[in-house]
Amino acid sequence: MANIEQILTDLTEPQIEAVTHIDGPLLVLAGAGSGKTRVITRRIAYMVAQGLPPWNIVAVTFTNKAAAEMKTRTMALLADMPGRPGERVLVSTFHSLCVRILRQYGQAAGLPPGFGILDSADQTKLFKQVLAKVGLSPENFNPNAVQGQISRAKNNLQGPAQVTAKAVSFFDKGMARAYVCYEEMLKAAGMVDFDDLLVKTAILLRDNAEARGQLQERYGYILIDEYQDTNKAQFVIAHMLAMNHKNICATGDPDQSIYGWRGADIQNILEFEEFFPGAKVVRLEQNYRSTKIILKAASALIENNRGRKKKDLWTENESGEKITVVHARDQHHEAQEVVQMLQAARRESGLTWDKMAIFYRTNALSRVVEDALMTAGVPYQIVRGTEFYGRKEVKDVLAYLKVIANPRDAVSFERIINVPPRGIGESTVTRLSAFAAQHGITLLEACARAREVPELSMKVADTCRKLAGQFDSWRKDTSNREAPASAADHDSTAASSDLAPNADPLFDPALAQFAQGQLNPDDTEEYEYEAGEPEPPGAAAQADHADAVDDQPPTTDSPHAASESMSIRDLMEKVVNEAGFRQKRKTSPDDEEINANVDELINVATEFDIRNPGGSLQEYLEQVALVSDVDRLKEGSGAVTLMTLHAAKGLEFPLVVMIGLEDGLLPHQRAFSGPDSRRDMEEERRLAFVGITRAMRKLILTCVESRMVRGQIERQKPSLFLGELPPECLQTRDLAFHAVSAGSWGDSNGGPRIHAPASQSEPASNGSSPHRTGYRRGLLVRHAKFGLGRIEEVLSAGPSQRVRVNFQSCGLKTMVTAMANLEPLDR
DNA sequence: TGGAATTGGCTTTTT
DNA sequence: GCCAATTCCA
């Protein structure tokens with residue numbers, strides 16, 4: 001067996017305890033920076049080395065990025081074991097795991113095969129329709145509030161019936177009707193929303209003994225990371241899976257619970273021992289990340305929360321520098337100061353840009369900082385996914401694909417029925433919808449039968465029929481690859497009543513191929529976590545574990561391996577061309593950008609095809625739906641990283657800047673005025689704690705005297721959290737016009753107060769070209785797919801910067817730099 | 001019917 | 001200040 005000594009090397013006593021406790025419940029209370037990921041990966045490696053079947057182990061994380069990292073590190077630990085067992089451990093996000101389960105047990109969960117996943121923008125859109133349909137005026141019923149309420153109800157496993165029964169007030173009754181209608185519309189469209197992924201899985205596991213039994217065996221050893229952020233549905237899933245074997249390892253830190261607002265229940269971790277009597281509890285309190293001063297400040301801050309389990313973080317690291325607190329005049333001044341401090345750090349400490357990060361409470365705060373970085377020519381990457389996938393044209397193209405994959409998806413179909421414009425107006429859609437409802441058919445089918453629809457002119461009817469015909473033909477293009485998937489869906493019913501090993505659709509041929517793609521050593525990086533458990537054909541024969549259970553991979557070659565089917569890329573290209581996206585585009589800058597984004601989407605699809613040979617359209621859409629902002633973060637990018645405090649969880653940087661430390665921002669206004677302000681305030685404090693503990697060596701906190709908020713200049717007070725930091729840890733630079741009011745943070749601290757006007761010590765060093773980023777004309781770059789190329793032209797600046805690159809392999813291409821992952825090769 | 005212009009709402013945080 | 005949605009105009 002593998003080298004167990006090696007796996008346990010360099011671990012502390014408590015870490016070893018956590019790693020070697022395999023059977024029975026285990027709670028690891030892991031303080032910030034205490035080597036939690038290390039413990040989890042070593043633990044998985046240890047289990048495998050002990051002879052546990054890797055395919056019975058599932059590790060659940062919060063983000064794809066965390067999953068990918070965990071997978072990579074686990075595989076590295078097990079690299080010398082025969083048969084690459086590390087690849088067969090499933091490391092997945094909660095949501096991906098649920099998709100897996102629901103694809104397998106869709107029928108039992110009441111879902112149609114090929115159900116689609118509604119993204120949040122579509123969800124909002126659908127909600128508007130719901131409110132209109134139910135006759136609730138948006139004045140009285142704030143769509144966001146209703147949506148939030150329903151989401152909360154869902155995550156508490158309250159169905160429409162329960163909510164309706166409980167509704168007393170006018171508002172509650174309205175909400176209940178909206179809930180009922182919303183669910184009906186989702187069902188009609190064959191869609192689920194993000195919440196449903198968790199909720200439907202939880203209910204399936206709770207109510208379906210057969211499915212539960214199979215999945216309990218399938219996932220015999222469960223690890224759940226960030227347990228403090230689990231909500232009720234996730235809690236139920238974990239418990240239902242673990243209730244028999246009890247082999248559950250939860251890791252987390254109550255002090256880093258920051259998702260209460262979306263239903264996460266901190267009690268889940270606080271009461272773990274009550275739910276799992278006899279659970280072993282291991283505390284990891286030694287911090288390996290931060291300096292003593294940073295850790296002291298973080299501890300002092302979090303002490304102000306009541307009702308928390310006391311925890312003493314300590315470190316053997318050096319004391320380090322004091323924390324710099326900057327009080328600036330306004331947001332522009334703040335941004336400018338931040339940029340100068342980053343430049344100074346690079347100059348004086350030799351830190352590269354990618355060792356630095358800037359955190360903020362709300363996304364809106366990033367813009368000014370972005371501008372300042374751009375003007376100074378400092379490369380940066382911003383972690384915000386909507387940037388690309390939220391674009392209209394991107395969503396439009398994806399909507400076409402969604403309809404192809406799921407013809408019942410009315411949300412997507414309505415989105416693109418007249419995009420590009422083809423003369424199908426609102427009234428036409430209304431008539432088609434009515435006709436569809438009347439005959440119990442989909443909107444798409446109604447289009448095909450448009451001639452039967454009264455009041456439609458021949459011309460319009462023919463346009464509709466033509467569109468429906470196009471969808472038919474596109475659908476045929478995918479049928480080769482979709483067929484096996486739906487066949488597998490039917491098999492799942494068989495699997496429910498039969499433990500035949502090969503009936504597990506999780507190992508359907510498409511997935512097996514999917515996995516093979518992962519096994520290519522050249523294909524590393526972000527998609528590895530999807531590889532999970534499917535096995536290359538034939539390898540299962542080597543499985544010699546006595547306790548191997550029902551889900552060994554199939555031993556036969558995929559029957560569909562040779563079938564010709566169109567790649568996602570080709571399909572997308574075809575749709576884009578035939579739907580007329582490329583038609584009347586002039587060369588206005590807007591159109592050019594739209595074209596570039598569509599091109600980029602196709603490029604990204606190409607990468608999917610390479611990584612997932614034989615991957616189905618459904619899988620592609622799933623992957624797109626479940627990418628999160630943080631997933632796009634790249635390390636070693638040579639750029640400063642900008643992100644929200646929420647996105648920062650789990651990461652670390654040598655230099656961290658937190659901006660906007662002001663009452664009303666951090667803590668957020670809601671924590672002062674909301675209905676549950678005490679709880680909210682504590683969560684805000686944890687959020688600040690998370691931010692501070694990301695810093696390894698240097699921490700800078702900034703606030704301003706006045707700030708433009710929603711177009712209004714507001715006077716700001718320094719955050720009350722600043723006053724909770726020990727003064728001796730701080731070094732304050734007050735650059736504001738006016739002294740800070742008495743009693744707040746500025747006065748009591750011992751640090752020198754430097755009154756200085758905006759420092760001119762570092763004039764923008766590259767005055768001639770203000771919008772310079774890392775990419776410039778003539779730069780030699782490498783692209784994962786297209787290889788070497790030279791930048792011919794930089795077309796625009798900013799977050800959606802595009803460049804035209806001349807590739808050796810395929811000539812000119814326009815790409816969005818934020819997406820394309822171009823590697824600069826000069827110098 | 002499509003495009004331009006004005007208005008109004010909005011901002012937490014995210015899978 | 002920005003974005004989306006509605007309204008207005010051709």
Side-chain angles (χ1 to χ4, degrees), chain A residues 60-67 92-99 117-121 123-125 128 138-139 142-145 147-148 151 154-155 192-199 201 226 229-231 233-234 257-264 331 359-368 371 383-386 389-392 418-428 459-460 584 590 622-632 643-649 660 664-674 680 683-684 686-688 690-691 707-714:
Chain A
V60 182
T61 63
F62 214 62
T63 64
N64 292 311
K65 183 171 186 295
S92 159
T93 64
F94 248 113
H95 291 264
S96 305
L97 176 67
C98 289
V99 171
I117 300 166
L118 199 71
D119 69 38
S120 35
Q123 197 183 16
T124 310
K125 216 168 192 173
K128 280 187 186 150
E139 284 85 44
N142 174 351
N144 279 335
Q147 195 175 340
S151 170
K154 268 197 188 184
N155 279 309
V192 298
D193 62 22
F194 283 130
D195 296 329
D196 283 332
L197 293 176
L198 303 174
V199 171
T201 306
E226 309 285 12
D229 286 324
T230 50
N231 63 25
Q234 290 165 322
S257 161
I258 53 175
Y259 286 100
W261 53 272
R262 74 171 198 214
Q331 71 273 19
F359 303 154
Y360 34 82
R361 177 65 231 272
T362 64
N363 278 310
L365 293 184
S366 72
R367 183 161 241 109
V368 182
D371 287 346
V383 177
R384 192 169 41 192
T386 53
Y389 284 106
R391 308 275 297 221
K392 243 184 260 101
N418 200 30
V419 177
R422 46 173 76 88
I424 303 180
E426 200 187 334
S427 54
T428 307
K459 195 175 151 218
V460 171
K584 52 142 206 178
D590 276 2
E622 248 159 44
Q623 210 168 82
V624 170
L626 295 177
V627 289
S628 71
D629 293 354
V630 241
D631 298 338
R632 298 207 19 236
M643 67 181 116
T644 64
L645 285 162
H646 281 88
K649 194 179 62 169
L665 275 178
L666 181 66
H668 192 267
Q669 190 55 46
R670 260 180 115 96
F672 290 99
S673 53
D680 290 348
E683 184 155 311
E684 295 292 313
R686 291 193 292 267
L687 200 47
V690 166
R707 180 182 298 276
M708 179 95 79
V709 183
R710 280 187 246 152
Q712 297 257 297
I713 294 174
E714 305 272 0

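Every chain is numbered from 1, with letters handed out A, B, ... down the list of sequences. Just so it is clear, the values below take in all heavy atoms, side chains as well, and ignore hydrogens, waters and symmetry mates.
Neither OP1 nor OP2 of B:dT15 sits under 4.0 Å from any side-chain N or O of A:Asn64. Between A:Asn363 and B:dT14 there is a side-chain polar atom (N or O) within less than 4.0 angstrom of OP1 or OP2. Residue A:Ser96 has no polar side-chain atom (N or O) positioned under 4.0 Å from OP1 or OP2 of B:dT15.
The distance between atom CD of A:Gln234 and atom C1' of B:dT14, rounded to the nearest whole Å, is 12 Å. Atom CD of A:Glu714 and atom P of B:dT11 are 16 Å apart (whole Å). If you take CD of A:Gln123 and P of B:dT14, they are 15 Å apart, rounded to a whole angstrom. Note: NE2 (A:His95) to P (B:dT15) measures 8 Å, nearest angstrom. For the pair A:His668 NE2 and B:dC10 C1', the interatomic distance rounds to 11 Å; values are reported in whole Å. For A:Gln712 and B:dG8, the CD to C1' distance is 14 Å, given to the nearest whole Å. Taking atom CZ on A:Phe672 and atom C1' on B:dT11, their separation rounds to 17 Å, with Å as the unit. Residue A:Phe359 contributes atom CZ, which lies 16 Å from atom P of B:dT13 at whole-angstrom precision.
By the side-chain contact (heavy atoms from CB on, under 4.5 Å) test, A:Arg670 pairs with A:His668, sequence neighbours left out. Checked against salt bridge (Lys or Arg N to Asp or Glu O under 4.0 Å), A:Asp195 has no partners two or more places apart in sequence or in another chain. Residues passing the salt bridge (Lys or Arg N to Asp or Glu O under 4.0 Å) test with A:Glu683, sequence neighbours excluded: A:Arg686. For A:Asp371, the side-chain contact (heavy atoms from CB on, under 4.5 Å) partners at least two apart in sequence or on another chain are A:Arg367. With sequence neighbours left out, the side chain to side chain donor-acceptor pair (under 3.5 Å) criterion links A:Asp680 to no other residue.
Taking every side-chain heavy atom of A:Thr63 into account, B:dT15 is the closest of B:dT14, B:dT15, B:dT11. In the set B:dT11, B:dT14, B:dT15, B:dT11 carries the atom at the smallest distance from any side-chain atom of A:Arg710.
In this structure, A:Phe62 does not count as stacked on the base of B:dT15 under the 5.5 Å centre distance and 30° plane angle limits.
Contact footprint of chain A on DNA chain C: nucleotides with an atom under 4.0 Å from a non-hydrogen protein atom, first to last in 5' to 3' order, C:dG1 to C:dA5.
Taken from NZ in A:Lys154 to CG in A:Leu198, the straight-line distance is 10.5 Å, to the nearest 0.5 Å.
Within the nucleic acid shown, A:Phe94 has no heavy atom closer than 4.0 Å to any nucleic acid atom.
Place A:Thr428 and A:Ala625 on DNA chain B by their nearest nucleotides, and A:Thr428 ends up nearer the 5' end. Comparing A:Asn418 and A:Glu683 along DNA chain B, the residue whose closest nucleotide (by nearest heavy atom) sits nearer the 5' end is A:Asn418.
When A:Leu626, A:Leu118, A:Asn155 are each tested for a side-chain contact (heavy atoms from CB on, under 4.5 Å) with A:Phe194, only one passes: A:Leu626.
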